[in-house]
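In this text the structure is predicted, and so the values were computed from the model without any measurement.
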Amino acid sequence: MKKKWIAGIMAAVMGIGMLTGCGSKKEEGEKEAPSEVKEATGEDVTLKVVLWDYSNVTYYKTIIAAFEEKYPNITVEVVELASDEYDNVVTTQLSGEQDFDVVFTKGTPALSALIEQGHIYALDEYLKTDENFNADNYNGLVDQLSLNGKTYALPFRYDNNLIFYNKDLFDKANMPYPEDGMSMEEYCDIARKMTSGKGNEKVYGTHVHTWASNVYQYPNRTGKFQFDDPSTYENLIPYYNDILALQDEGVIQDYGTLKSSNIHYSGVFYNQQAAMLQMGTWYINMLCENNKDFNWGVCSLPNNDGIANENCIGGVTPVSIGAYAKHPAEAWQFITFVCGEEGAKILAECGIVPGFSSDSIGEIFDGLHDKYPTVPEGLSKYIVNMQKNYMEQPMNAKNKEIDTIFNEAHSAIMTKSVTPEEGIADLTERVNKVLDTE
């Protein structure tokens, strides 16, 4: 049986996705997603799996091939949608009761929206009855993928945020490397000392990308901030003040310039234009594949609360069963494979951090140094056995709206249209109104 591949849905349907109301409340009479357990039959079936970037990365193909080898009665039919409009198009397709057996989502906001519209299958009965499944291997991430008292996904990837640094630039400047447990004051001081040169030859002490998360991840990792809890937003103010000071001093690139020029963070670090970079662990894979020019290292995010490397903060790639799946039992087999140890090992070999955590996964990351000499030793310290894995954006049906407000507030603060105090006050008021809306 040959694997089928369906090309991305045409752009004409993308506009329709905007009309579906990704965060909308269920209409009266709209059916709930099913949750009953159905057993795999062992008969020949074709699983329809919807995802993005299938054509651009190798690990999807490797994982699917390994799954089909383990389950020769199952053929995987990949439906690849365009990455930029994935959330809108998959919502449009599911609104038409498309029979996707397995649904990958880009994050918790998109997943929360699909759950609220009844498009995703509840997994609780499978979690209870599958004796081979152990939620302890996910450091609390499975529990965090619950909404309204039910669990709807397993974590495929978990991208912890770290400080990446250029060892060669630090050696040249005779500066000690950044360390776990730095305060923001210490981090900013290092960034100032590592800034040098002018014009095209300038090396910035660090790089702050344009995402709002590049600010709120700092207190998020310490538990002092939560994306959907406005009572925690004031804790962002000192972090904004520190980053704006670095921007004013020319220690980081100007936010407005980065936005208008669409400058990608990867090139800044590849080209050794920044000594440090705050980014997710997906960047390990990118550095493995694209960097042969300099040695680099990582450390945990600085913060004002004395947290070293006990906790991590990152985004999750959830995988679910579609509410209109023809083969939910086989879909569960697929999900537990790709999100379990077998799939996790394949991801780890590529330098991608899986949601599944074990000592064997840590060993793979430690071994990347042998395969890619510029990769630091001891990466497992930042990958497995963390005390707490926080999710960047917890499950909340209103997260799409909150995210839009956050991006607007972040832009206003970083362009100095408002002060951090003014921006956070407005952000708090607007998000409170969204959360108060029935």
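Donor-acceptor pairing under 3.5 Å is lacking for the side chains of E68 and T75. S112 and K398 form no side-chain donor-acceptor contact under 3.5 Å, judged by distance and modelled atom types alone. No donor-acceptor contact under 3.5 angstrom links the side chains of Q278 and Q217, judged on distance only. No donor-acceptor contact under 3.5 angstrom links the side chains of E429 and N432, judged on distance only. D366 and S380 share a side-chain donor-acceptor pair at under 3.5 Å. In summary, the side chains of N56 and D53 do present a donor paired with an acceptor at a separation below 3.5 Å, with no hydrogens or angles considered. Side chains of N161 and E392: a donor-acceptor N/O pair is absent below 3.5 angstrom, by distance only. For the residue pair D228 / Q226, a side-chain donor-acceptor distance below 3.5 Å is found, with atom types taken as modelled.
Heavy atoms from other residues, nucleotides or ligands lying under 6.0 Å from CG of N407 number more than 12. Within 6.0 Å of NZ in K202 there are more than 12 heavy atoms belonging to other residues, nucleotides or ligands. For CD of E185, the number of neighbouring non-hydrogen atoms (other residues, nucleotides, ligands) closer than 6.0 Å is 12 at most. Enclosure of atom CD in Q273 by more than 12 non-hydrogen atoms of other residues, nucleotides or ligands within 6.0 angstrom is indicated. No more than 12 heavy atoms of other residues, nucleotides or ligands sit less than 6.0 Å from atom CD of E179.
To the nearest 0.5 Å, atom CZ of residue R157 and atom CG of residue L141 are 13.5 Å apart. Between E80 atom CD and L51 atom CG the span is 7.0 Å, to the nearest 0.5 Å. Atom CD1 of I74 sits about 12.5 Å away from atom CD1 of I64, to the nearest 0.5 Å. Between the CG atom in L246 and the CE atom in M184 there is a gap of 7.0 Å [rounded to 0.5 Å]. Summarising the geometry, atom CE belonging to M279 is positioned 8.0 Å from atom OG belonging to S213; distances are rounded to the nearest 0.5 Å.
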Check your understanding: Are D305 and K224 close enough, and set up right, to give a salt bridge (Lys or Arg N to Asp or Glu O under 4.0 Å), and what steps lead you there?
Key -> CA-CA 9 Å; D305 297 291; K224 291 293 184 67; 2.6 Å; yes
Exercise for review: Under the salt bridge (Lys or Arg N to Asp or Glu O under 4.0 Å) rule, what do K400 and D87 come out as? Steps first, then yes or no, please.
Suggested key: CA-CA 11 Å; K400 280 276 190 181; D87 290 347; 3.1 Å; yes
Review point. What do the steps show when you test Y152 against Y121 for ring pair (Phe, Tyr, Trp, His ring centres under 6.0 Å), and what is the final call?
Key: CA-CA 6 Å; Y152 291 89; Y121 202 107; 9.4 Å; no
Exercise for review: Show your working on salt bridge (Lys or Arg N to Asp or Glu O under 4.0 Å) between K345 and E349 and close with a plain yes or no.
Suggested key: CA-CA 6 Å; K345 286 181 177 179; E349 291 285 357; over 6 Å; no
Practice item. Could you check W282 against D159 for side-chain contact (heavy atoms from CB on, under 4.5 Å), going step by step and ending with a plain yes or no? Key: CA-CA 6 Å; W282 66 80; D159 292 301; 3.4 Å; yes
Review point. Between Y265 and Y283, is a ring pair (Phe, Tyr, Trp, His ring centres under 6.0 Å) present by the stated rule, with each step listed?
Key: CA-CA 10 Å; Y265 61 85; Y283 198 50; 5.7 Å; yes
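Not a single donor-acceptor pair under 3.5 Å links the side chain of Q117 to the backbone N or O of L114. Panel note: side chain S411, backbone E408; no donor-acceptor pair is recorded below 3.5 Å. No side-chain donor-acceptor contact under 3.5 Å links K381 to the backbone of C299. Side chain of D130 to backbone of N132: a donor-acceptor contact under 3.5 angstrom is found. At least one donor-acceptor pair under 3.5 Å links the side chain of Q247 to the backbone N or O of Y255. In this structure, N303 contributes its side chain and G306 its backbone to a donor-acceptor pair below 3.5 Å. Here the side chain of T195 pairs a donor or acceptor atom with the backbone of G205 at under 3.5 angstrom. With N385 contributing its side chain and S358 its backbone, the two residues share no donor-acceptor pair below 3.5 Å. Of the possible polar contacts, none joining the D426 side chain to the E422 backbone as a donor-acceptor pair under 3.5 Å is found. Remark: side-chain polar atoms of H119 are not paired, donor with acceptor, to backbone N or O of A323 under 3.5 angstrom.
Contact check for V50 versus Q93: no side-chain heavy atoms found under the 4.5 Å cut-off. Contact annotation: the side chain of C288 approaches that of V375 to within less than 4.5 Å [non-hydrogen atoms, C-beta and beyond]. Looking at T222 and N304, their side chains never come closer than 4.5 Å, going by heavy atoms from C-beta outward. Considering only heavy atoms from C-beta on, V103 comes within 4.5 Å of I120 through its side chain. At least one side-chain heavy atom of L258 sits less than 4.5 Å from a side-chain heavy atom of H207. Two residues are said to be in side-chain contact when any heavy atoms from C-beta on lie closer than 4.5 Å; T151 and V142 meet this criterion. With contacts defined as side-chain heavy-atom distances shorter than 4.5 Å, the pair V203/M194 does not qualify. H369 has its side chain out of reach of P376: every pair of non-hydrogen atoms, C-beta onward, lies at least 4.5 Å apart.
A side-chain hydrogen bond (donor to acceptor under 3.5 Å, both in side chains) with Y382 is found for exactly one of N160, D180, T281, namely D180. Tested against H410, the residues Y240, Y239, Y233 include a single ring-ring contact (aromatic ring centres under 6.0 Å, His included) partner, Y240.
Looking at E249 and R192, a side-chain N of the basic residue comes within less than 4.0 Å of a carboxylate O on the acidic one, giving a salt bridge. With respect to the salt-bridge test (charged N to carboxylate O, under 4.0 angstrom), the residues D189 and K193 qualify.
Ring-plane geometry between Y187 and Y218 is classed as tilted, the angle between the planes lying from 30 to 60 degrees on a 0 to 90 degree scale. Taking the six-membered ring for Trp and thresholds of 30 and 60 degrees, H209 and W211 have ring planes more than 60 degrees apart, a perpendicular arrangement. Ring pair Y216/F227 is tilted by interplanar angle, where 30° to 60° counts as tilted. Taking the six-membered ring where tryptophan is involved, the planes of Y138 and F133 are essentially parallel, since the angle between them stays under 30° and well short of 60°.
Of all heavy-atom pairs between T419 and I413, the closest is O-CG1, 4.2 Å. Scanning both residues, I243 and V215, for their nearest heavy atoms gives CD1-CG2, 3.7 Å. Here the closest heavy-atom approach between residue A308 and residue S300 is recorded as O-OG, 3.0 Å. The minimum heavy-atom distance between C312 and N389, with the atom names listed, is SG-OD1, 3.1 Å. Across all non-hydrogen atoms, the minimal contact from P109 to Q393 is CG-OE1, 2.7 Å. In terms of heavy atoms, N311 sits closest to R221 at O-NH1, 3.1 Å.
Judged by a 6.0 Å distance limit and a 45° cone about the ring axis, K61 is positioned over the six-membered ring of Y54.
Taking the six-membered ring for Trp and the full ring otherwise, the centers of F225 and Y390 sit at least 6.0 Å from each other. With ring centers used as reference points, F294 lies 6.0 Å or more from F170.
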